[in-house]
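Worksheet: one structure, shown below.
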Amino acid sequence: MLSPEEFIPQAVGARLPVNKVSVVNGEEQQHWQKAEILSIRNDEPNSKHPVEFYVHYEGFNKRLDEWVPLSALDLSKVKFGKTQKKSAPNAVPGAKGTTVAAPPVTPSGNPASRVEGSGSGAAFGVPHNAIVPQKRKRPDRDRTPSEKQSQATPMDTTSEQASQDAGNVEGGEGGEEGGEEEDTFSKEKELEKLRVGGSMTQCLTEVARLKNINKIVMGKYEVEAWYFSPYPEEFSQLPRIYLCEFCLEAVGSARQFERHRAKCTLRHPPGNEIYRDEQSHISFWEIDGKRQRQYCRNLCLLSKLFLDHKTLYYDVDPFMFYIMTSSDNVGHHFLGYFSKEKHSSEDYNVACILTLPQHQRMGYGKLLIQFSYELSKIEKKTGSPEKPLSDLGLLSYRSYWADTILEKLYEYKGELSIQELSEETSITPDDIMHTLQALDLIKYYRGLYVIYLSQGNMQHHEKNVAKNRTRIDPAKLHWTPPKFTASQLRYGY
Ligand code: ACO
Ligand code: ZN
């Protein structure tokens, strides 16, 4: 067994069991979980602060990465990596309170995050890889996703639900494979990627960085951040940052926030309200990234806290943003959003989608998804979300696709072709095909594929209808697709 003095100088990159504390159904549970040390702080011999290690749990989503004390490490089972530096303390600056080493790339592979097994794919007992079109090269993910559910309560810290699962889920740590491929980050490259690929996937060194923001306070909620987001560096020293719910400006202290609120007159997102439902108090606002750059950049910074591998920071011009709010007598409070390319060469109808953690698992994600398809219906196009999807994104889309397709089949008593289903729903034929396979609704019969609606599927649909969830009412959507001239679509500075 190594002593702490022997271990600390070579800790970064080492793998060992870590005593992980999880909150499952409101109860704290501890277990030993294999992890890799990504960083160490306060390792100065005379530092008043204790040494802490930033660990990544193998097989878990990166949003569970955290700082742990020395006492949480099992130093009797340390494994060192091949490329590991043996002299970490001298190799990096070690100012008090700062991070002293940050290897840019986490291990290869695609560990999963945790999800309670309730996604549609799982519910229907079908391999998950059956459902998403394989347009780009992606890791195997035909296993059950798992996840930390992070949901904040008013002025409460984020709770965590976790239990290990053998699954690889795309987006769990998406963007980390092939770590050597690309490790410089430049504005030009990002712009080129946006122009050519329509992709919002970011440079790997950016996405692999350590979580830098602890918590955000937004309205009456305090929420833990999940991932790195490029907020000003000084924010990373703070226990929490404060965000204005209306303009999304971030400040570092409660006093600064009070000053901001006294000046800020905004009470809703700075765009056109294109949807309003008086009953549910839900509205949608359309915002052009080029016209509201500051707001959209603030939004991207905020959403990067909860999106690991997809989002952009400053080049918001090529995108439209659709913000979902809930209104009360104070104003329209931000619930979630999705962004959409003004011109998508791959017919994506959503680039990034997010429900703020404090509002997750209440059906808002599916409302956002439904809204994105309602826009596609008006455009008379089919659309699909930009790949790769995160684990939670995949779950939500699967569930939406399954609900929507079953609903249509039920309505038409199964008498619909894939093409007709696609025309009715604006879901691409690829996504429909994968969903039908996942639901076991497609049979090969006498040389032909036929859709077969089983009793079980009908019951599932009836149960779903009985839940009586809030849905988007197309009659309340007042929208004409924005048109852009070629010069408006030429982005640049
Ligand atoms: N565990 C298990 N199931 C879950 C979980 C979870 N943590 N979260 C959502 N689900 C399931 C729900 O049960 C529901 O399925 P059901 O209707 O069959 O029961 C479905 O997923 C959707 O749930 P909603 O409550 O409608 O979705 P939510 O408001 O939680 O938002 C979203 C989903 C947007 C993916 C949210 O989790 C999020 O913002 N995550 C972080 C950002 C992210 O990963 N975005 C997607 C990236 S991919 C892309 O951008 C194209
Ligand atoms: Zn403000």
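Note that the numbering runs from 1 along the sequence shown for the chain. Whatever order the structure lists them in is the order used to number ligands and atoms, beginning at 1. Values below: every heavy atom of this structure, side chains too, minus hydrogens, waters and symmetry copies.
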Any donor-acceptor N or O pair under 3.5 Å, side chains Asn272, Glu286 | no
Atoms in ligand 1 with a heavy atom of Leu389 nearer than 4.0 Å = 48 (S), 51 (C)
Hey, is ligand 1 close enough to Gly393 that some N/O pair sits below 3.5 Å?
-> no
Side chains of Asp288 and Gln292: is there a donor and an acceptor less than 3.5 Å apart?
-> no
Please determine which of Tyr337, Phe371, Trp479 meets the ring-ring contact (aromatic ring centres under 6.0 Å, His included) test together with Phe284.
-> Phe371
Considering residues, nucleotides and ligands other than Arg471, do more than 12 of their heavy atoms fall under 6.0 Å from its CZ?
-> no
For ligand 1, which atoms, with element, lie under 4.0 Å from some heavy atom of Cys352?
-> 50 (O)
Taking the Zn ion (ligand 2) as the apex, Cys244 SG and Cys247 SG span an angle, rounded to 10°, of 110°
Cys264 atom SG and His260 atom NE2 as seen from the Zn ion (ligand 2), angle to 10 degrees = 110°
Of the listed options Gln360, His460, Arg361, Glu386, closest to atom 10 (N) of ligand 1 (non-hydrogen atoms) = Arg361
Gly336 touching ligand 1 at heavy-atom level, < 4.0 angstrom | no
Validate the cation-pi geometry between Lys290 and Phe484: distance from NZ or CZ to the six-membered ring centre under 6.0 Å, angle to the ring axis within 45°.
-> no
Check: of Tyr337, Phe306, Tyr348, min heavy-atom distance to atom 42 (C) of ligand 1 comes from Phe306
Should Trp226 be listed as contacting ligand 1, given a heavy-atom distance under 4.0 Å as the test?
-> yes
CG/Leu395 to CZ/Arg361 distance, rounded to the nearest 0.5 angstrom?
-> 8.5 Å
Short list, please: which atoms of ligand 1 are under 4.0 Å from a heavy atom of Leu307?
-> 42 (C), 43 (C), 45 (N), 47 (C)
Does Asp403, backbone or side chain, put an N or O under 3.5 Å from an N or O of ligand 1?
-> no
Can you figure out which of Leu392, Ile353, Leu395 has its heavy atom closest to atom 35 (C) of ligand 1?
-> Leu392
Between Tyr275 and Glu374, does any side-chain donor sit less than 3.5 Å from a side-chain acceptor?
-> no
Might you confirm whether atom CZ of Arg291 has over 12 heavy atoms from other residues, nucleotides or ligands at distances under 6.0 Å?
-> no
So is there a nitrogen or oxygen of Met362 less than 3.5 Å from a nitrogen or oxygen in ligand 1?
-> yes
When you look at His434 and Trp401, which way does the ring-ring contact (aromatic ring centres under 6.0 Å, His included) test go after all the steps?
-> CA-CA 10 Å; His434 290 303; Trp401 289 329; 8.7 Å; no
Taking the side chain from Gln360 and the backbone from Thr355, do they hold a donor-acceptor pair closer than 3.5 Å?
-> yes
Heavy-atom contacts under 4.0 Å between Ala351 and ligand 1: side chain, backbone, both, or neither?
-> backbone
Any N/O pair Gly365/ligand 1 closer than 3.5 Å | yes
Can the ring centres of Phe321 and Tyr295 be said to be less than 6.0 Å apart?
-> no
Establish, from distance only, whether the side-chain atoms of Lys340 and Ser372 form a donor-acceptor pair under 3.5 Å.
-> no
Just distances here: any N/O of Ser390 and N/O of ligand 1 closer than 3.5 Å?
-> yes
Polar proximity ligand 1 side, Ser399 side, N/O cut 3.5 Å exclusive | yes
Just let me know how Leu354 lines up against ligand 1, side chain, backbone, both or neither, with a heavy-atom cut-off below 4.0 Å.
-> both
Within less than 4.0 angstrom of ligand 1, does Arg469 place any heavy atom?
-> yes
